[in-house]
Novice: 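Would you mind keeping the following structure in view while I ask a few things?
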Amino acid sequence: MALKMIIILLAIANLVSGKAVRKEREAVTDYDSIKTTFRLFTRNNVNNDRYQILSANDSSSLSKSFFNSSTPKEMVVHGFLENGLMKWLKNMKDELLKAGDFNVILIDWGKGSGLPYTQATANTRVVGAEITKLINALKEQVGSNPEDFHIIGQSLGAHIGGYAGTRLPNLGRITDL
């Protein structure tokens with residue numbers, strides 16, 4: 001009898017938590033609350049305080065930046081409970097720029113990567129869509145080829161790369177850490 005009661009309680013808990021997760025995922029449509037930021041670094045602006053903000057909604061941010069459509073593009077995305085100012089992101093940016101002439105774009109979605117975890121996972125789809133929008137804007141405005149983009153994602157950032165990839169079938173590469 002006690003085992004049967006435990007099974008019933010577990011089933012009810014799963015139903016309730018499943019409804020909450022679905023409800024949170026359905027509610028995520030507000031890009032402004034996540035405040036995704038795309039910080040561009042090249043060999044022309046290596047220092048951490050010299051980044052340039054890229055925005056799909058601001059063509060001058062693309063055309064007036066150091067972005068070079070003829071060099072490879074590395075997009076690095078942090079994970080759960082992190083932000084775009086994490087030391088490991090800066091180290092990765094520095095190492096990439098030492099290794100070659102790249103456009104390194106650090107993606108900061110820190111306002112959407114926090115608790116609850118279910119909300120952060122739902123936000124990954126929104127950030128993936130924002131990456132797609134930026135890559136398409138760079139294609140249209142400065143002649144970039146989506147096949148030249150490499151998304152490197154850690155933790156939930158890996159999921160973001162996957163969501164961007166589903167929207168961009170000709171995306172060059174995704175690496176999950």
Side-chain angles (χ1 to χ4, degrees), residues 21 24-25 27-58 61-62 65-68 71-138 144 146-168 171-177:
V21 168
E24 286 182 22
R25 285 191 178 155
V28 177
T29 56
D30 183 12
Y31 292 82
D32 294 331
S33 67
I34 298 171
K35 298 188 186 323
T36 304
T37 305
F38 299 94
R39 293 185 178 97
L40 172 68
F41 295 90
T42 68
R43 286 189 167 173
N44 292 322
N45 63 325
V46 176
N47 295 336
N48 292 325
D49 61 343
R50 293 197 56 221
Y51 61 84
Q52 295 174 312
I53 300 292
L54 299 178
S55 172
N57 298 324
D58 179 6
S61 78
L62 308 179
S65 72
F66 290 128
F67 186 87
N68 182 345
T71 60
K73 297 104 184 119
E74 302 288 334
M75 302 180 99
V76 187
V77 191
H78 66 82
F80 181 55
L81 297 177
E82 294 184 325
N83 61 52
L85 303 174
M86 303 300 294
K87 186 167 177 60
W88 74 266
L89 285 167
K90 294 174 184 179
N91 291 342
M92 183 172 282
K93 177 260 304 173
D94 291 340
E95 293 303 317
L96 285 166
L97 291 172
K98 282 181 198 173
D101 189 11
F102 295 106
N103 295 289
V104 178
I105 302 170
L106 301 184
I107 302 169
D108 183 355
W109 63 289
K111 300 263 190 245
S113 70
L115 295 170
Y117 183 77
T118 52
Q119 185 65 54
T121 59
N123 291 344
T124 60
R125 292 182 183 269
V126 176
V127 179
E130 290 181 286
I131 291 171
T132 301
K133 185 176 178 181
L134 179 66
I135 292 173
N136 284 331
L138 288 165
S144 281
E147 294 172 357
D148 295 333
F149 282 84
H150 176 203
I151 300 175
I152 302 166
Q154 184 266 336
S155 175
L156 286 181
H159 294 271
I160 289 170
Y163 290 128
T166 60
R167 293 171 174 264
L168 282 168
L171 180 66
R173 186 169 141 202
I174 302 170
T175 300
D176 299 337
L177 304 176

Novice: Are T175 and H150 close enough, and set up right, to give a side chain to side chain donor-acceptor pair (under 3.5 Å), and what steps lead you there?
Specialist: CA-CA 8 Å; T175 300; H150 176 203; 2.6 Å; yes
Novice: Please enumerate all residues that pass side chain to side chain contact (heavy atoms under 4.5 Å, CB included) together with T71, with sequence neighbours excluded.
Specialist: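 Side chain to side chain contact (heavy atoms under 4.5 Å, CB included) list for T71, sorted by chain: N68, D101, N103.
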Novice: Ring-plane angle category for F80 and Y117, please: parallel below 30°, perpendicular beyond 60°, tilted otherwise.
Specialist: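 It falls in the perpendicular class, over 60°.
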Novice: Please report the closest heavy-atom contact between A120 and L156, naming both atoms and the distance.
Specialist: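 Where A120 meets L156 most closely, the heavy atoms are CB-CD1, 3.9 Å.
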Novice: Using a 4.5 Å cut-off on heavy atoms from C-beta on, say whether the side chain of M75 contacts that of I135.
Specialist: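 Answer yes - side chains close enough.
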Novice: Got a donor-acceptor contact below 3.5 angstrom from the N45 side chain to the R50 backbone?
Specialist: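 Yes, because the side chain of N45 sits within donor-acceptor range (under 3.5 Å) of the backbone of R50.
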Novice: So Q52 and N44, do their side chains get closer than 4.5 Å, heavy atoms only?
Specialist: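 SC-SC contact between N44 and Q52 ruled out.
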Novice: Nearest heavy-atom pair of G165 and L171: which atoms, and what distance?
Specialist: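 Closest approach of G165 to L171, heavy atoms only: CA-CD2, 3.9 Å.
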Novice: Just how far is it from atom CZ of R125 to atom CZ of R167, taken to the nearest 0.5 Å?
Specialist: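 Interatomic distance, R125 CZ to R167 CZ, rounded to 0.5 Å: 9.0 Å.
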Novice: Within the 4.5 Å heavy-atom criterion, are D108 and R39 side-chain neighbours or not?
Specialist: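 SC-SC contact between D108 and R39 confirmed.
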Novice: Once you round to the nearest 0.5 Å, how far does OG1 of T124 lie from NE2 of H159?
Specialist: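 It is 7.0 Å, given to the nearest 0.5 Å.
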Novice: Search all heavy atoms of K133 against all heavy atoms of N57 and return the closest pair with its distance.
Specialist: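 Minimum heavy-atom separation between K133 and N57: NZ-OD1, 2.8 Å.
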Novice: Are any non-hydrogen side-chain atoms of I105 and I107 less than 4.5 angstrom apart?
Specialist: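 A side-chain contact under 4.5 Å exists here.
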Novice: Report the C-alpha distance between N91 and E95 in whole Å, list the side-chain angles of each, state the deciding distance to 0.1 Å, and finish with yes or no for side chain to side chain donor-acceptor pair (under 3.5 Å).
Specialist: CA-CA 6 Å; N91 291 342; E95 293 303 317; over 6 Å; no
Novice: Between N48 and K93, does any side-chain donor sit less than 3.5 Å from a side-chain acceptor?
Specialist: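 Yes.
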Novice: Do L115 and Q119 have side chains that approach each other closer than 4.5 Å (heavy atoms only, starting at C-beta)?
Specialist: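 No, every pair of side-chain atoms sits at 4.5 Å or beyond.
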Novice: Can you check whether S61 reaches F38 side chain to side chain, under 4.5 Å on heavy atoms?
Specialist: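 With C-beta onward as the side chain, the pair stays apart.
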Novice: Can you run down the ring pair (Phe, Tyr, Trp, His ring centres under 6.0 Å) pairs that involve residues 90-113, sequence neighbours left out, and say none if there aren't any?
Specialist: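 For residues 90-113: H78-W109.
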Novice: Compare every heavy atom of A164 with every heavy atom of I131, then report the nearest pair and how far apart it is.
Specialist: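 Taking I131 first and A164 second, the nearest heavy atoms are CG2-CB, 4.0 Å.
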Novice: Measure the OG1-CG distance between T37 and L54 for me, rounded to the nearest 0.5 Å.
Specialist: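 If I round to the nearest 0.5 Å, the distance is 10.5 Å.
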Novice: Considering all heavy atoms of both residues, which atom of F41 and which atom of V46 are nearest to each other, and what is their separation?
Specialist: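 For F41 versus V46, the nearest heavy atoms are CD2-O, 3.8 Å.
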Novice: Measuring from L40:CG to F66:CZ, what's the distance to the nearest 0.5 Å?
Specialist: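 Spacing of CG (L40) from CZ (F66) equals 9.0 Å.
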Novice: Could you state the interatomic distance from CG (L134) to CG (L62), rounded to the nearest 0.5 Å?
Specialist: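 It is 6.5 Å, given to the nearest 0.5 Å.
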Novice: Heavy-atom distance under 4.5 Å between the side chains of F149 and L168, does that happen here?
Specialist: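 No - every pair of side-chain heavy atoms lies 4.5 Å or more apart.
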Novice: Quick one: pull up NZ in K111 and CG in N123 and give me the separation to the nearest 0.5 Å.
Specialist: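 Atom-to-atom, K111:NZ and N123:CG are 13.0 Å apart.
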Novice: Suppose we screen for side chain to side chain donor-acceptor pair (under 3.5 Å). Which residues come up paired with D49, at least two apart in sequence or across chains?
Specialist: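 Partners of D49 under the side chain to side chain donor-acceptor pair (under 3.5 Å) test: none.
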Novice: Looking at E82 and Q154, what are the two nearest heavy atoms and their distance?
Specialist: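 Minimum heavy-atom separation between E82 and Q154: OE1-OE1, 2.9 Å.
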